[in-house]
Number of protein chains: 2
Amino acid sequence: MTKKPETAAAAAIPVPPRDGPPEEVQIATLLARIGGLHTSAVATVLAPLDLRPKQFGVMNMVALADGPSQGEIGAAMGIDPSGLIATIDELEQRGWLERRRDPSDRRRNIVALTPAGRTKLTEGREVARRRAQELTAPLSAKERRQLRDLLAKIA
Amino acid sequence: MTKKPETAAAAAIPVPPRDGPPEEVQIATLLARIGGLHTSAVATVLAPLDLRPKQFGVMNMVALADGPSQGEIGAAMGIDPSGLIATIDELEQRGWLERRRDPSDRRRNIVALTPAGRTKLTEGREVARRRAQELTAPLSAKERRQLRDLLAKIA
DNA sequence: TATTGTTATACTCTATAACTATA
DNA sequence: TATAGTTATAGAGTATAACAATA
């Protein structure tokens, strides 16, 4: 590439792409678009289970941390804890989650999955896994490993 | 890999990961998270320009197609055209976009950037490009090319 | 005083149905 | 009758400030 450096100064400047946006913009655009489409695809497959992405996200966080406070869930999900109240309320009403007052600090609510919640989470993970398989289907096993490593490097 | 196929049947089954979620779920999760974070990061750098992501998206689509109808913009962005009205209204009020009745089909609105809109779009692309550079900064040139190709294969 | 959870409010985006004007 | 744009409405997500209970 850069076949014809007309001057030394010109050669030092990254070659501007002739057709499209620069490579890093292409990557960012693809990441945003693929990520967004996958998020809504997951929403679609979760819908028959009566699960919205945010609810699924909370249940996953609770399962991963097992025993987090509401503030910790919010921090892990990158949203303000006040935005979790309604979601946790609804999950609790459905019997999938429960709040327990932390005995050592009675301001905190420890959140835990119920057995029914654990079952529902397993179902959600199953359909999400199938959707993830379809997403990565065009890639070979080697390419999948490459992609995962590259994404991990960015994240 | 799959070093110890205990039986023929076991060897035919993909090795379940011991620690975390399967690879395709890792990829999907990383894609959704990175994509979402980048989207909100772009929103943050666009905010000082008085541009929201959706407005920036519309202006980009108009620049790419140059002369699209509102329905075509919606199709390209994957949203219902009714969800574009308010956005185009606002961009038109600011003098960055204009609607022109299509003479050959007076139902259609041709949307076009004004000179001021083109300037604003250039500014937006500039800050978005800088943000994309930061996103891909951890990667080498070779890795960036790999990542772009892998993402293109998925998309 | 500071922190946890809660409530209330506002704003953006999305989805849907009904309306109009053109075809 | 079909299509392009528009309007109105409702729901979900997010952000912010103020408040009560607890530390």
Side-chain angles (χ1 to χ4, degrees), chain A residues 32-33 35-37 39-44 46-47 50-59 61-62 65 67-94 97-112, chain B residues 32-33 35-44 46-47 50-59 61-62 65 67-93 97-112:
Chain A
R33 259 192 35 209
L37 286 177
T39 298
S40 61
V42 168
T44 301
L46 284 178
D50 262 314
L51 265 184
R52 270 165 298 157
K54 193 179 179 183
Q55 299 171 329
F56 183 55
V58 168
M59 292 175 75
M61 287 302 173
V62 171
S69 71
Q70 299 184 194
E72 285 161 353
I73 298 172
M77 295 180 65
I79 62 179
D80 192 280
S82 71
L84 283 178
I85 309 291
T87 300
I88 297 180
D89 281 351
E90 197 176 343
L91 292 174
E92 196 170 30
Q93 280 163 14
R94 295 193 195 174
L97 235 54
E98 54 181 25
R99 292 171 164 102
R100 300 173 192 153
R101 221 73 205 173
D102 183 342
S104 70
D105 181 347
R106 297 173 29 71
R107 288 172 307 181
R108 294 163 49 95
N109 276 338
I110 302 295
V111 182
Chain B
R33 259 192 34 209
L37 287 177
H38 180 254
T39 297
S40 62
V42 169
T44 301
L46 285 177
D50 261 314
L51 264 184
R52 269 164 298 155
K54 194 180 179 182
Q55 301 172 328
F56 183 56
V58 169
M59 294 176 74
M61 287 301 173
V62 172
S69 70
Q70 298 184 194
E72 286 162 351
I73 297 172
M77 295 180 65
I79 63 178
D80 191 278
S82 71
L84 283 178
I85 310 292
T87 300
I88 297 179
D89 282 350
E90 197 176 343
L91 292 174
E92 198 171 27
Q93 282 163 14
L97 234 56
E98 55 182 23
R99 292 170 163 105
R100 300 174 192 152
R101 222 73 206 176
D102 183 342
S104 69
D105 182 346
R106 295 173 31 70
R107 288 172 306 183
R108 294 162 48 96
N109 277 337
I110 303 295
V111 182

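Protein chains get the first letters and strands the later ones, always in sequence-line order, with residue 1 at the start of each.
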**Item:** Range on DNA chain D touched by chain B - first to last nucleotide, heavy-atom distance under 4.0 Å
**Value:** D:dA2 to D:dT7

**Item:** B:Q70 and B:I85, any side-chain heavy atoms less than 4.5 Å apart
**Value:** yes

**Asked** A:S104 or B:D105: which one's nearest nucleotide on DNA chain D is closer to the 5' end?
**Response** B:D105

**Fill in**
Hits for side-chain hydrogen bond (donor to acceptor under 3.5 Å, both in side chains) against B:S104, two or more places apart or cross-chain, chain-then-number order -> B:D102

Distances for protein N or O near nucleotides 11-21 of chain C N or O, under 3.5 Å:
| unit_1 | atom_1 | unit_2 | atom_2 | d |
| --- | --- | --- | --- | --- |
| C:dC13 | OP2 | B:R52 | NH1 | 3.2 |
| C:dT16 | O4 | B:S82 | OG | 2.8 |

**Message:** Going by the rule salt bridge (charged side-chain N to carboxylate O under 4.0 Å, His left out), which residues pair with A:D80 if we only count those two or more places apart in sequence or in a different chain?
**Reply:** none

**Message:** Do B:M59 and B:L51 make a side-chain contact, defined as non-hydrogen atoms from C-beta onward lying under 4.5 Å apart?
**Reply:** yes

**Asked** Whole Å only: how far is the CD1 atom of A:I85 from the C1' atom of C:dT9?
**Response** 15 Å

**Request:** Measure from CG on A:N109 to P on C:dT4 and round the result to the nearest Å.
**Result:** 12 Å

**Prompt:** Taking atom P of C:dG5 as reference, at what distance in whole Å does atom CD of A:Q70 sit?
**Reply:** 5 Å

**Sugar-phosphate only, base, or nothing, as touched by B:R101 at under 4.0 Å among non-hydrogen atoms** = nothing

**Request:** Could I get the full list of side-chain hydrogen bond (donor to acceptor under 3.5 Å, both in side chains) partners for B:R107, not counting sequence neighbours?
**Result:** B:D105

**Request:** Output all residues satisfying side-chain contact (heavy atoms from CB on, under 4.5 Å) with B:L37, sequence neighbours left out; order by chain, then residue number.
**Result:** none

**Set of side-chain contact (heavy atoms from CB on, under 4.5 Å) partners for B:T39, sequence neighbours left out** = A:A32

**Request:** With sequence neighbours excluded, tell me which residues meet side-chain contact (heavy atoms from CB on, under 4.5 Å) with B:R101.
**Result:** B:R106, B:N109

**Prompt:** In residues 36-43 of chain B, which residues come under 4.0 Å of DNA chain C by heavy atom?
**Reply:** none

**Partners meeting side-chain hydrogen bond (donor to acceptor under 3.5 Å, both in side chains) with A:R52 (sequence neighbours left out)** = A:E90

**Request:** Please list, chain by chain and in numerical order, all residues satisfying side-chain hydrogen bond (donor to acceptor under 3.5 Å, both in side chains) with B:R100, sequence neighbours excluded.
**Result:** B:E98

**Prompt:** Who pairs with B:D89 by salt bridge (charged side-chain N to carboxylate O under 4.0 Å, His left out), at least two apart in sequence or on another chain?
**Reply:** B:R99

**Prompt:** If you look at every strand shown and take non-hydrogen atoms under 4.0 Å, does B:D102 touch a base, only sugar-phosphate, or nothing?
**Reply:** nothing

